[in-house]
Amino acid sequence: MPGDSRRIAGPQDSRAPHWFGRQQETHQEAGGTRQDGRGDHDLRPVYLHTGVVSQATGSAYMEMGQTKVIAAVYGPREISRREEFTMKGRLCCELKFATFSCRQRRQHIQDNQERDGSLIVLQALEPAVCLDKFPKSQVDVYITVLQDDGSALAAAITCAALGLADAGVMMYDVVVGCSVRQCGEDQWLDPSVREEFRPEVESAGDHGMVTVGLLPSLNQVSALVLDGHLQQQTAVQAVKTCISGCQGIYPILKDCLVSSTRRNVPSLEQKSGQTSTDGQNGQT
Amino acid sequence: MATEQTLRSFGCEQNLLSRPDGSANFTQGDTTVLAAVYGPGEVKMSEEIIDKATLRVIFKPKVGLPGCAEKFQERVLRNTCESVVLATLHPRSAINIILQIIQDSGSLLSCCVNAACVALMDAAVPMKCLVSAVTCALTEEGQIVLDPDSKQEKESSAVLTFAFDSRENNVITCSTKGCYTPEQYQESLSACREASKNISSFFRQAVEKRMSKELKVKT
Amino acid sequence: MADSVGKVVIPGDVLSEFRASEKTSKVALGPGLRQDGEEVLVTKSGILRHKEPNLYWIDCHQRRYIPAKGEDVIGIVTVKSGDVYRVDIGATQPATLSYLAFEGATKRNRPNVKVGDLVFAKLLVANKDMEPELVCIDSGGHSSGYGVIPANGGFMFHTSLNLVRKMLSPNCDILKFLGKNVPFETAVGVNGRIWVKAKTVKDTIVVANAIASSEHMTNAQIRTMIRQLLDKLSGF
Amino acid sequence: MAAPRVCVPGERLVSTADCESGRGTYVHHGYIYSCLAGYMHKRNLDGKELPIVEVIRQKEDAVPRIGSIVTGKVTSVSGRMCKCAITCVERTTLREPFRGLIRKEDVRATEKDRVEMYKCFRPGDIVLARVLSLGDANCYLLSTAENELGVVLALSEAGAQMVPVSWSDMQCPKTGSKEFRKVAKVQLQQE
Amino acid sequence: MSSTLGVLSDAERLFIVHGVQDDLRSDGRACEDYRHVEVETDVVSNTSGSARLRLGNTDILVGVKAEMGEPDPGRPKEGKLEFFVDCSANASPEFEGRGGEELAIEVSNALQRIFNSKSTLDLTALCIIPGGQCWVLFVDVLVLECGGNLFDAVSLAVKAALYNTRIPTVIVTADDEGQQEIELSDDPYDVKRLDVDNVPLIVTLSKIGHRHVVDASWEEELCSLARLTVGVTQKGTIAGLNKEGSGSLDPESIYEMIESGKKVGVVLNSRLKEALEKEENSKREKVGFLG
Amino acid sequence: MAADFKTAQPVEYYRRFLKEDVRPDGRELGEIRHTTLNIGSITTAEGSALVKLGNTTVICGIKAELCNPTAEEPKKGFVVPNVDLPPLCSPRFRPGPPSEQAQVVSQLMADIIQNSGVVALEDLCIVEGKLCWVLYCDMLCLDYDGNVVDTCVISLLAALKNVLLPEVRVSEETGDPVTDMEKKLPLNIRKCPVATTFGVFDDHYLFTDPTNEEECLATGVLTIVTTEDNKICCMHKPGGTPLSESRLQDCINRALTRAEEVRKLIHETINSVER
């Protein structure tokens with residue numbers, strides 16, 4: 001990376017081998033079945049796990065097919081930036097793609113997509129977190145995509161929410177993310193990287209990608225992103241499909257949380273003897 | 001195994017800068033390092049340590065911007081100084097050591113350590129003991145060359161640098177390049193240790209030179 | 001220990017068999033020496049000094065001033081904050097000086113101290129854990145020489161710490177001798193700051209120079225040096 | 001008792017008609033929901049007809065709240081105040097410290113104006129204190145103006161752990177020298 | 001948008017919310033009414049295209065500069081669009097320091113989102129030598145004053161500026177070694193224009209109480225926790241959606257919002273087109289529409 | 001109040017354990033945390049490995065790209081190691097440019113690669129002076145619980161052994177490189193360096209594989225990297241407690257045995273993957 005004295009420098013410029021590849025990369029074309037043989041509205045197998053980062057207050061790891069995401073939550077901690085006193089807590093999110101997470105090597109410094117993603121995840125989580133529970137302090141959520149095989153943003157949202165829950169940050173609800181790729185008539189749930197919407201390889205008519213973040217038990221949408229062009233009805237339909245997708249992932253997340261809670265059992269007696277000074281109840 | 005038991009001629013000058021609290025110029029052969037020490041002075045809030053002084057080493061290469069390699073050296077030098085300085089005597093203060101490379105013709109690291117040590121003494125920063133460093137090179141034939149110049153370093157199969165404390169002559173710091181056997185390591189180590197004694201005794205002479213006036217004057 | 005008195009020692013040197021005086025078995029260790037279990041450890045390079053009955057310390061060319069309780073220093077007022085002034089005395093942290101630490105000062109009538117003023121003060125609190133605290137009154141509440149140094153005509157200059165120590169040592173008579181020839185007022189801060197004021201600016205400069213150049217001289221040398229200076233002066 | 005129910009954030013627990021909302025829960029449209037992933041736990045408080053429902057877990061976000069007792073390590077002492085790093089809130093140890101501040105007037109209950117800070121605290125001391133207020137943007141305001149509050153652990157100049165000899169000073173077992181501190185009355189349930 | 005812009009008393013907040021409840025807003029508009037918009041193109045001389053737009057108190061200046069550059073290796077046959085948004089501190093005191101930067105990033109991301117599609121703007125038209133040279137359009141957005149509904153205003157201004165943009169035609173000649181050379185035609189009127197028919201406009205719908213409003217004033221923005229920005233083309237296709245703010249929305253209201261977003265968007269598009277054409281034909285200074 | 005005691009006097013707390021020759025996490029002084037290895041899990045990288053040393057977790061992904069060699073060394077390719085210690089892995093790291101710690105470890109990795117000669121840069125040359133490989137070896141720490149150096153070295157070595165490079169030839173007509181993404185060839189690994197890190201506590205106790213807490217309390221650390229031919233290719237002791245020859249020799253011997261174990265583990269894991 002030129003001009004960065006804080007890292008070991010490589011050659012001035014280098015090209016990924018696949019630029020010179022004879023055979024062009026293949027994309028999922030409109031019509032026809034999906035490469036991994038899924039039905040249009042099937043999810044890929046989901047794996048969730050909590051407590052993967054020992055140093056963090058809470059953390060989670062998620063796999064959706066080949067997509068791998070890890071999230072760590074720190075805090076509530078002191079507000080890092082000098083700011084005026086606030087009775088509400090602050091939530092901060094940082095989404096990062098590992099340099100080796102994509103076909104094309106990514107740079108170390110945050111790029112536009114990461115900045116945009118960080119904001120979307122933040123706005124997806126904010127409605128779910130009881131910010132008034134930690135005045136003048138902040139909770140930091142760091143998310144790293146280790147491998148992007150599609151629907152990374154959706155995975156990031158789910159994973160981050162699970163991390164928050166694992167950290168014991170008070171929340172009104174968890175958040176589940178899910179994406180849909182609209183390609184002409186076809187509507188693929190939880191698209192893989194080959195199916196994902198890429199402007200440079202796009203078919204005519206309806207095309208685009210919708211990502212939704214859902215608070216499943218309150219049935220509220222906390223994130224909604226559409227890239228591409230869709231007819232109004234298709235858009236609405238796509239959002240509906242996403243929501244059903246989220247509802248499909250929710251039970252898996254729930255099970256993961258329940259089992260992880262069981263794993264580190266608190267002895268209730270000792271806990272209920274817990275000081276009552278902070279025993280104020282949470283009205284909304 | 002044969003050893004070239006000679007160090008290049010080395011010398012030092014103290015107190016040649018007026019602004020710092022202490023300064024020294026150390027030369028080994030043609031390798032020259034100018035060290036300046038500021039402190040114990042005011043410390044940045046972010047770097048404050050409640051029960052001891054914050055040591056910082058700034059390693060200024062002769063040319064070019066400092067990068068990872070320099071940071072690496074800074075860390076080695078800082079830790080080396082930390083292990084002899086009694087930092088707990090000046091809590092919540094900063095001691096800054098600036099090392100300006102005047103010329104590098106071999107054995108740079110050891111020269112830096114020695115320069116820093118003299119500068120710390122000159123600034124009268126309290127120290128447990130002194131630290132003296134010696135570099136040696138292993139030739140392809142496995143011969144040990146003490147205090148090598150850059151040419152000898154380039155030709156060698158490995159370069160080892162040791163820093164010793166002046167009390168028990170144990171190894172405070174060790175940094176090596178290249179490959180070598182454990183036996184070679186031990187031999188180099190003892191060779192360097194012997195040589196380091198000359199340097200520590202040289203430190204005493206340096207102080208006597210500096211104090212000569214007072215020694216004469218009896219108030 | 002006795003045998004190395006007056007000799008050069010360097011950090012790491014270990015001193016043994018003290019000649020503690022009859023009166024007290026305990027030895028007092030000054031700057032540069034640390035009790036380390038049974039033995040005494042040298043932490044600064046310099047010359048080992050001994051003072052009867054039982055005081056040992058090390059003379060060294062230290063530039064940085066380390067505050068010590070009860071020492072007289074010259075400081076510069078840098079900030080007024082709340083009910084204290086912040087005063088730079090050349091130590092790691094600025095020292096604090098309370099409004100009330102002046103002769104006759106009360107909550108009502110506050111002393112007239114401005115930012116930038118020179119103050120001659122005594123260290124009330126000085127230890128590694130606390131920020132140093134100054135007072136401009138003695139234990140009796142009187143300003144015995146302490147207080148703001150008038151700005152008119154005086155001159156403050158920096159010297160090495162051990163020159164100041166030397167000047168203050170009883171058997172150094174530079175001030176006495178100078179005073180005999182050139183009348184002047186002076187304030188000597190242990191933090192290496194000396195303020196002098198003579199009748200004329202010229203005299204002031206002479207005094208300052210005399211003091212500055214006296215660091216490595218015996219009393220005899222000093223006398224001759226001063227005479228030469230004065231001759232030059234009267235020569236004009 | 002029966003195996004306690006495990007719930008996750010956003011899970012509906014009971015109607016407000018049957019229970020009162022306690023820690024780890026919130027009320028929404030007449031129902032009590034969980035804020036945490038943890039064990040649902042009902043307990044009856046005397047004087048209340050409705051039981052309180054709480055959700056309890058091991059890892060819980062601990063932030064200093066007004067009135068809570070905190071453990072802190074003194075970081076710096078000046079004539080007017082004493083700064084410290086809050087390491088524990090009640091019994092939960094924090095992963096990262098919060099900054100706290102004890103003003104001169106909050107050190108002890110009596111003779112507030114005769115307090116000399118450096119005769120109460122030294123950097124490195126461990127103190128028990130109560131949170132007075134959330135303070136300003138970067139510091140919580142703490143108080144040690146109670147018998148049970150103040151220095152619980154301090155090292156002497158010689159580096160030995162000192163033993164309290166009175167409410168105002170402690171003694172070094174090594175050298176026998178006494179040092180001034182605002183000593184907290186030792187609580188017996190501590191080991 | 002960061003809802004730290006100023007503060008609102010509970011009384012004001014309550015008034016606005018109740019007002020919206022019965023479809024009557026503090027400035028007399030109904031929930032789906034737009035404020036008066038004034039647009040003016042060709043306002044900056046040394047640009048390829050420019051536009052100034054006022055929407056209520058919101059004032060936007062956009063300049064488009066066409067320069068030659070290299071295409072992305074991934075898209076050799078296409079030109080490039082680059083957005084730079086500057087929320088200058090005099091637009092609103094909150095823009096000082098980071099506040100402005102963050103907002104600027106949000107705006108440029110929103111623009112990226114609606115332009116991030118082939119059918120928005122035919123970028124192949126900007127290609128000069130495939131894989132070699134292409135036109136790069138630098139779109140500089142300057143927020144002069146922010147009186148709410150920034151995103152919509154910016155998108156309007158950008159579309160107007162692109163409509164106004166003229167790119168000199170180039171002739172590519174290959175010399176005998178097959179070396180290609182680019183000649184710029186020197187005739188100032190020999191220019192090509194962009195087809196902006198499919199360029200979407202952003203319609204932001206702010207959720208206030210149980211209803212949503214379009215073109216919210218900044219007071220209204222303070223009362224809404226969740227907003228939905230909808231990209232809408234002339235034909236009424238949805239070109240980009242994004243939920244903003246720290247609140248959440250229930251699915252039903254989202255569908256409604258998309259619905260009304262589309263309605264308003266289509267009208268807005270056609271009105272803008274009219275206005276622009278009108279302005280071009282008759283060199284009138286300002287052309288108001290929707291007023 | 002055990003927790004309180006630990007936070008109040010970590011050193012004292014630690015001493016009590018070491019008096020019994022055991023560490024708070026139940027290990028003996030010489031004991032190394034359980035090491036687990038997962039090779040080739042990241043399919044977007046040419047080579048990858050995830051290593052867990054107790055809690056400490058490092059994932060190394062290697063991206064290979066094509067570039068021109070330098071004029072000075074036309075026969076050599078590049079290996080560019082970078083260690084990333086993101087705020088995700090520990091509260092001690094904040095967002096922004098690499099911390100000093102990260103820079104130092106990155107440099108150490110670069111030195112180890114160079115000194116050990118694990119990869120011969122000549123092997124990365126495709127056409128002299130024209131075309132060569134650059135291997136971007138990014139080691140990303142996911143959980144920082146001490147001894148990140150040893151973990152990084154293992155992940156790096158395992159990932160390098162996992163690397164498959166597409167076949168490249170230069171077409172006569174255009175002179176441009178042509179890659180065959182189907183035909184993949186492994187990298188020639190010349191040496192197998194393995195690092196072992198020791199910590200010194202109270203200037204006396206010597207323990208291996210320090211945790212985060214132990215690193216904070218240690219009065220010195222020492223890292224020894226050895227290769228399979230029982231040579232030392234890095235002896236890194238940055239200050240700290242002075243050590244005698246005998247103790248250093250003791251460390252070297254331990255490092256040699258540890259290195260053998262690790263090489264065995266890597267070997268087995270790779271075989272199990274292939275099978």
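Both backbone and side-chain heavy atoms feed into the values below; hydrogens, waters and symmetry mates do not. First the proteins, then the strands, lettered A, B, ... as listed; each starts at 1.
Rounding to the nearest 0.5 Å places OG of B:S200 at 7.5 Å from CD1 of C:I10. Note that NE2 of C:H61 is 8.0 Å distant from CG of B:N15, once rounded to the nearest 0.5 Å. From B:K128, atom NZ reaches atom CZ of C:R34 across 9.0 Å, with rounding to the nearest 0.5 Å.
Contact of C:D13 with chain B is made through the side chain alone, with heavy-atom distances under 4.5 Å. In this structure, chain C has heavy atoms under 4.5 Å from both the backbone and the side chain of B:R204. Using a 4.5 Å cut-off between heavy atoms, C:V42 touches chain B through its backbone atoms (N, CA, C, O) alone. For C:L41, the part sitting under 4.5 Å from any heavy atom of chain B is the side chain, from C-beta outward, and nothing else. Heavy-atom distances place both the backbone and the side chain of B:L89 under 4.5 Å from chain C. With a threshold of 4.5 angstrom between heavy atoms, B:L86 approaches chain C through side-chain atoms but not through N, CA, C or O. Heavy atoms closer than 4.5 Å to chain C are found nowhere in B:V85, neither backbone nor side chain. Residue contact with chain C, scored on non-hydrogen atoms closer than 4.5 Å, is absent for B:D165. B:R210 touches chain C through backbone and side chain together, each having a heavy atom under 4.5 Å away.
Remark: B:K60 NZ is loosely packed, at most 12 non-hydrogen atoms of other residues, nucleotides or ligands lying under 6.0 Å away. Counting heavy atoms of neighbouring residues, nucleotides and ligands inside a 6.0 Å radius, atom NZ of C:K51 does not exceed 12 of them.
Each of B:V131, B:L130, B:V207 was compared with C:P11 under the side chain to side chain contact (heavy atoms under 4.5 Å, CB included) criterion, and only B:L130 meets it.
By number of non-hydrogen pairs under 4.5 angstrom with chain C, the leading residue of B:P91, B:A123, B:S166 is B:P91.
Panel note: side chain C:R64, backbone B:A124; no donor-acceptor pair is recorded below 3.5 Å.
Side chains of B:E42 and C:T92 form no contact here, defined as non-hydrogen atoms less than 4.5 Å apart. Side-chain atoms of B:D21 and C:R63, non-hydrogen and from C-beta on, do get closer than 4.5 Å to each other. The shortest distance between side-chain heavy atoms of B:S93 and C:K128 does not fall below 4.5 Å. Between C:K44 and B:M121 the shortest side-chain heavy-atom distance does not fall below 4.5 Å. Residues C:I66 and B:H90 are in side-chain contact: their nearest non-hydrogen atoms beyond the backbone lie under 4.5 Å apart.
Annotation for C:V8 and B:M211: closest pair CG2-CB, 4.0 Å, computed over non-hydrogen atoms.
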